[in-house]
There are 2 protein chains.
Amino acid sequence: MKLKDQNTEAIILDAAKLIFMEKGLYGARMQDIANQAGINKALLHYYFRNKERLFDEVFGGALERYFQNMEIISDESLPIMERVLTYSNRFVHFLAEYPQMSIFLIKEISSNQALFHLKVKGIKKDKKYSLLTVLNEGIQNGELPSLDPVVFLMNLHSLCAYPFVAAPIFQVICQSSGVQWDDSNHEKLLNSISDFIHYKLSKTRI
Amino acid sequence: MKLKDQNTEAIILDAAKLIFMEKGLYGARMQDIANQAGINKALLHYYFRNKERLFDEVFGGALERYFQNMEIISDESLPIMERVLTYSNRFVHFLAEYPQMSIFLIKEISSNQALFHLKVKGIKKDKKYSLLTVLNEGIQNGELPSLDPVVFLMNLHSLCAYPFVAAPIFQVICQSSGVQWDDSNHEKLLNSISDFIHYKLSKTRI
DNA sequence: TCATGGTTTAACCAAATGGTTAACAAAAGT
DNA sequence: ACTTTTGTTAACCATTTGGTTAAACCATGA
C-alpha cells in the first residue's frame, strides 16, 4: 500500500500545483483539483486535511525551489561577475521551466504577505550569502565599481522575471504590433541581461 | 435625485476598485464591496447588474488609464530618446500612484486573456503610434543605433514595472538583509532607468 | 481464509455567496 | 395633494463550495 500511497499523494500535489498556479488560492476549487487528479474530492482531505494545508504544501515547495535558485551565487571560488552571470542565467532558465511560478508567487504573496514572510525566514536561515551581501562585499574590496547594490538587484531581477510575469500582456502588445513574443526570445533576453550585467559591473565604466 | 445618484455610483466604483485591486475578481466578495461603500448589497446589483459587470467597469477604467499613459510618446516634435525618457518617467510615476494597478492587471489578464484582448483592441484602435513603431522608425532612419526593439521594449518595461509588481517580494528580501525598500527609491530607480536608456539608445555605443 | 488497517468513494451537510424580491423612502413631476 | 419615478433596504433563495461521514475496497500478514 505504501506504493500507491506515495503515488496518489504526488498526483494530488501535481494537480494542485497546476490548478493553484492557474487560479490562485481563492480561484482554485477543490473539485477542480480532484478532477485534475482523477480522484474523489474526499481523498484530497484525506491526504491534506484542508484546502489551506494543501495550498501550503504547493506554495512551500514553490518557494523553496525559488530560493534554492536564488542562492546559488554563494560559490566563493568564482569572480563575482561570473557568479552574477550564472545566477541570472539560472534564474531565467528556472522561470522558463516554471513560467507561472513568478506570477503565482506574486499573486499569493501580495494577498498573504505574512505566510511568505515566515516561509522565507525558515528557508533563508541556513543560507549563508545573499546576492546583496556578495555585491556589498565586491564593492568594498574593489572587485566591483561603486554602485547602489539594492538598485542593481532590483534592476537585475526586473530584467529576468518581468518577461515571464507579464508574458500575457506582452503577447497582446506584440500581437497587436505584428511581432511575435515566444520562447525563441529567451536567448535574446539572456544576451541583453548579460550585456546589462557587464555594463553595470565592469570596472571600466564609460 | 441626480446628485445622490452619481454620488453612490462613484462611491461604489471606488469601493469596488479598492476591493478588486486587493483581492482580484474571485477573491473579492460583493458583501465586502458593499461594506466598503457603506451601502446595502442589493444596491450594487441595482447600479451594476452583477459582479462581472461591476468588475468590467473597474477593469476597463484601469486599462484605459494604463494605455493612455503608455501612448504618450507619439509626440513627433521631440527626438526619440527624449520621448522614451519621458515615457518611462511617466510610466513609473503612474505606477507609483497606482501601485496595485500593475499586479492587478497581470493577475486578471493571466486568468482572463480574452477580455484583455478585446479591451486593448478597442483602446488601441484610435492610437497612431506605439513605442515599437517609433523605435523601428528611429532605427531605420538612423536616429537610433541598431538594436532589437522588442527586446529593448521588454527590458524597459521590466525595469519600470517589476519593482511595483514585485514590491511585496522585495520588501521581504530587503528586510531580511537589513535594507529598506520604499518610495524613497523611486528616484534612484528612475536614474538607473535613464542610464539604461542612454546606454542603449545612444549612437555612441562602446 | 479472514481479520486488519490503510485507501477510496458516494452521499451528505453547513456555511458562504451571488443574486432576487417585495416593500419602503424620498425626490420630482403633475 | 398625489402619482410616478428613482434610490435603498431587509429578508429571502438557489447554487456553490469546503468539509464530513459511513460504508466499501483491497492488499497483506496471521
Side-chain angles (χ1 to χ4, degrees), chain A residues 1-62 104 107-108 110-112 114-115, chain B residues 1-62 104 107-108 110-112 114-115:
Chain A
M1 269 279 143
K2 279 286 147 75
L3 236 164
K4 192 90 176 179
D5 176 11
Q6 226 178 5
N7 202 13
T8 33
E9 190 165 328
I11 289 174
I12 290 176
L13 275 177
D14 276 350
K17 179 176 150 189
L18 197 77
I19 302 295
F20 276 137
M21 290 273 181
E22 193 180 324
K23 310 268 191 177
L25 172 56
Y26 293 119
R29 301 289 107 129
M30 293 299 266
Q31 190 59 58
D32 296 343
I33 297 174
N35 291 344
Q36 175 68 33
I39 55 154
N40 187 286
K41 193 182 56 158
L43 206 54
L44 295 181
H45 293 88
Y46 175 73
Y47 280 95
F48 308 89
R49 194 156 311 164
N50 53 38
K51 194 182 184 184
E52 299 212 348
R53 289 237 189 155
L54 176 55
F55 179 77
D56 244 41
E57 215 75 21
V58 174
F59 186 64
F104 169 72
K107 264 189 197 178
E108 298 311 324
S110 80
S111 61
N112 193 348
L115 175 63
Chain B
M1 266 279 143
K2 278 287 147 71
L3 236 162
K4 193 88 175 181
D5 178 12
Q6 225 180 5
N7 202 11
T8 35
E9 190 165 328
I11 289 174
I12 291 177
L13 276 177
D14 277 350
K17 180 176 149 189
L18 198 77
I19 302 294
F20 277 136
M21 289 276 181
E22 192 181 324
K23 309 268 191 178
L25 173 56
Y26 294 118
R29 302 290 108 133
M30 293 298 265
Q31 189 59 59
D32 296 343
I33 297 174
N35 289 344
Q36 176 67 35
I39 56 153
N40 187 286
K41 193 181 55 159
L43 206 54
L44 294 181
H45 293 87
Y46 175 73
Y47 280 96
F48 308 89
R49 194 156 311 163
N50 54 37
K51 193 182 184 183
E52 299 212 348
R53 289 238 190 153
L54 177 55
F55 179 77
D56 245 40
E57 215 75 21
V58 174
F59 186 65
F104 169 73
K107 265 189 195 179
E108 299 310 324
S110 79
S111 62
N112 193 348
L115 175 63

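Per chain, numbering begins at 1; letters A, B, ... match sequence-line order.
- Rounding to whole angstrom units, NE2 of residue His45(B) and C1' of dA11(D) are separated by 15 Å.
- A close approach under 4.0 Å does not occur between any side-chain nitrogen or oxygen of Tyr46(A) and OP1 or OP2 of dT8(C).
- Closest approach of Tyr26(B) to Lys51(B), counting heavy atoms only: O-NZ, 3.8 Å.
- Nearest heavy-atom pair, Ala16(A) versus Val58(A), reported as atom, atom and distance to 0.1 Å: CB-CG2, 3.8 Å.
- In this structure, Arg29(A) reaches the dG18(D) phosphate: one of its side-chain N or O atoms is under 4.0 Å from OP1 or OP2.
- Asn50(B) places its CG atom 22 Å from the P atom of dC13(D), with the value rounded to the nearest Å.
- Contact between Ile19(A) and Ala28(A) at its shortest, heavy atoms only, is CG2-CB, 3.7 Å.
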> Are Gln31(A) and Asn35(A) close enough, and set up right, to give a side-chain hydrogen bond (donor to acceptor under 3.5 Å, both in side chains), and what steps lead you there?
Replying inline: CA-CA 6 Å; Gln31(A) 190 59 58; Asn35(A) 291 344; 3.1 Å; yes
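- One finds a side-chain N or O of Thr8(A) lying less than 4.0 angstrom from the OP1 or OP2 phosphate oxygen of dT8(C).
- Taking atom CD1 on Ile19(B) and atom C1' on dG18(C), their separation rounds to 16 Å, with Å as the unit.
- To the nearest angstrom, C1' of dT7(C) lies 13 Å from CD1 of Ile11(A).
- As rounded to whole Å, 16 Å separates atom P of dT17(D) from atom CG of Leu54(A).
- Here Tyr47(B) reaches the OP1 or OP2 of dT8(D): one of its side-chain N or O atoms lies under 4.0 Å away.
- For the pair Lys51(B) NZ and dT20(C) P, the interatomic distance rounds to 14 Å; values are reported in whole Å.
- Glu52(B) pairs by the side-chain contact (heavy atoms from CB on, under 4.5 Å) definition with Asn50(B), not counting sequence neighbours.
- A heavy atom lying under 4.0 Å from DNA chain C marks the following residues of residues 32-44 of chain A, by number: Ile39(A), Asn40(A), Ala42(A), Leu43(A).
- When all heavy atoms are compared, the tightest approach of Ile33(B) to Ile12(B) is CG2-O, 4.4 Å.
- Separation of atoms OG1 (Thr8(B)) and CD1 (Ile39(B)) is listed at 7.5 Å; rounding is to 0.5 Å.
- Rounded to an integer number of Å, the gap from CZ of Arg53(A) to P of dT20(D) is 11 Å.
- Look at CZ on Arg49(B): it is 12 Å from P on dG19(C), rounded to the nearest Å.
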